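Data block below; observations after.
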There are 2 protein chains.
Amino acid sequence: MSDDEQRGRGASSVHRVGGLLGDLQAADDQPVAPRRRADAERNRAQILAAAEQLFVEQDPRTVTMDRIAKAAGVGRATLYRSFPDPSSVAVALLDEHERRLQGQLIYGPPPLGPGAPAGERLAAFYLAMLDLLERHLPLALGAETGPARFRTGAYGFWRVHVRTLLVDHGIRDPDPLIDIALSPLSPELFQFQRHELGLSTERIGRSLADFARQLLRSGE
Amino acid sequence: MSDDEQRGRGASSVHRVGGLLGDLQAADDQPVAPRRRADAERNRAQILAAAEQLFVEQDPRTVTMDRIAKAAGVGRATLYRSFPDPSSVAVALLDEHERRLQGQLIYGPPPLGPGAPAGERLAAFYLAMLDLLERHLPLALGAETGPARFRTGAYGFWRVHVRTLLVDHGIRDPDPLIDIALSPLSPELFQFQRHELGLSTERIGRSLADFARQLLRSGE
DNA sequence: GAGCTAAGTGGACACCTTGTCCGTTTGCTG
DNA sequence: CAGCAAACGGACAAGGTGTCCACTTAGCTC
């Protein structure tokens with residue numbers, strides 16, 4: 001989906017090298033995905049495992065490619081082969097956790113899934129995201145490298161979801177509002193509220209839910 | 001005000017040392033402010049001027065202490081004497097621009113200043129901040145180094161202001177909502193909406209103003 | 001206005017991170 | 001089991017970070 005996705009993961013999209021062959025032997029043996037070699041797969045798993053630990057036990061912002069490589073027991077170049085920078089490793093790890101929620105938003109029961117009023121769905125979405133942040137804050141902070149955050153596949157997914165809710169509610173010009181509605185979910189903001197201000201997750205959650213219902217109020 | 005303020009600026013608030021003395025020799029020879037030397041003042045001005053240019057003409061995130069020092073024509077240690085890192089330089093520069101708005105919020109005419117309904121005041125505040133972002137985006141991006149953003153004096157000011165509006169409107173539990181209400185003003189978000197999505201500032205502004213009125217609606 | 005003192009200066013140093021290059025190893029295929 | 005390309009990992013050069021210390025110089029005192 002995103003760039004990070006293409007670079008960072010790739011369990012399924014390994015056919016990028018195919019392009020090099022040109023038209024000469026185009027559609028013949030091309031589509032046969034050049035499977036990832038076993039050692040590469042193993043290294044990749046080691047990297048992800050080691051990185052997850054690192055992100056948790058030290059300031060996620062200070063995790064470096066060098067350290068990940070050492071912790072995973074692989075060379076630097078090997079690491080670079082799979083990921084362009086530390087944040088893309090965090091993105092890959094987060095992705096797995098986010099995937100479940102993404103399924104629930106589409107196929108799950110209301111209020112998270114379809115069927116409930118837009119305001120209720122937005123409130124439920126906020127609470128689910130808050131739960132995700134609570135459980136994986138280090139990864140979320142590690143993934144958040146400036147503007148790149150907005151270009152991840154996951155963020156794109158949240159955008160599509162929120163847009164649906166806004167349109168469903170009959171908002172005139174939904175597009176500028178999408179990211180405004182998503183902005184309270186910034187990992188850094190959550191960290192500030194939670195650990196700097198000392199607010200409980202429940203209290204933040206209540207505020208967010210009220211906020212969602214107020215934003216998409218039935219009697220507009 | 002903030003840490004950055006104490007380190008970064010100080011032209012006006014030089015009486016901070018006074019507090020250290022306690023009651024012993026209080027008002028005697030202490031209050032004599034340890035004036036900044038003329039050459040230091042000059043260097044400081046050079047640094048700010050050079051840095052402002054740098055932030056504008058290259059990616060604000062890639063501005064380095066080394067480059068600022070070279071551009072300003074001073075040694076690295078001299079720079080470090082005034083600022084701990086590049087973002088604190090950006091904060092100092094931004095501060096000057098923000099000060100005017102801060103005055104208007106307190107003493108200015110409605111709807112920015114006191115006198116208008118909370119929803120209108122919040123809408124006006126959003127628009128003013130948007131204007132600030134539009135004009136000084138590079139500085140805002142340079143200042144935004146992770147969680148430090150929330151610890152600047154300016155952010156503290158915005159918090160106090162928004163809290164007043166929320167209380168004024170009769171919100172039950174205003175505190176968690178403060179930062180939620182401020183989150184749409186994140187410089188990175190603005191950059192994404194403006195330059196990645198291509199939304200016009202007017203369109204974002206309209207959305208934000210509607211958003212403010214909806215949030216603090218009269219007929220709650 | 002000469003001398004003193006400490007604030008201020010700037011170059012150098014040691015350390016760390018980044019990407020990339022390239023000789024070597026290793027899995028897979030026929 | 002032989003050959004080839006994918007994958008590996010150590011090494012390298014470039015550049016950034018803070019800090020230290022010998023020096024300069026502003027500003028006070030007499």
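Only a predicted model underlies this, so the values are computations on that prediction, with no experimental measurement involved. Protein chains get the first letters and strands the later ones, always in sequence-line order, with residue 1 at the start of each.
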Original post:
Taking the six-membered ring for Trp, are B/H136 and B/H97 parallel (under 30°), tilted (30 to 60°) or perpendicular (over 60°)?
Top reply: parallel
Original post:
What is the distance from CD1 of B/I68 to P of C/dT9, rounded to the nearest Å?
Top reply: 16 Å
Original post:
Do A/E188 and B/R149 meet the salt-bridge criterion of a basic N to acidic O distance under 4.0 Å?
Top reply: no
**OP:** Quick one: sort the B/F192 and A/F150 rings into parallel, tilted or perpendicular, breaks at 30° and 60°.
**Re:** parallel
Subject >> B/V91 and B/E144, any side-chain heavy atoms less than 4.5 Å apart >> reply: no
Original post:
Are A/D210 and A/R206 close enough for a salt bridge, meaning some N to O gap below 4.0 Å?
Top reply: no
Subject >> Spacing between A/R44 atom CZ and D/dA6 atom C1', to the nearest angstrom >> reply: 16 Å
Subject >> Donor-acceptor side-chain pairing of A/D85 and A/S87 below 3.5 angstrom >> reply: yes
Original post:
On DNA chain C, nearest-nucleotide positions of B/N43 versus A/R42: which is more 5'?
Top reply: B/N43
Which protein N or O atoms sit under 3.5 Å from an N or O of nucleotides 15-18 of chain C?
from   : atom 1 : to    : atom 2 : distance (Å)
C/dT17 : O3'    : A/T64 : OG1    : 3.1
C/dT18 : OP1    : A/T64 : OG1    : 3.3
C/dT18 : OP2    : A/T64 : OG1    : 2.4
C/dT18 : OP2    : A/M65 : N      : 3.3
C/dT18 : OP2    : A/D66 : N      : 3.4

Original post:
What's the NZ-P distance between B/K70 and D/dG16, to the nearest Å?
Top reply: 8 Å
**OP:** Take atom CZ of B/R81 and atom P of D/dT19, then tell me their distance rounded to the nearest Å.
**Re:** 13 Å
**OP:** Round to the nearest Å and state the distance from B/I47 atom CD1 to C/dG8 atom P.
**Re:** 12 Å
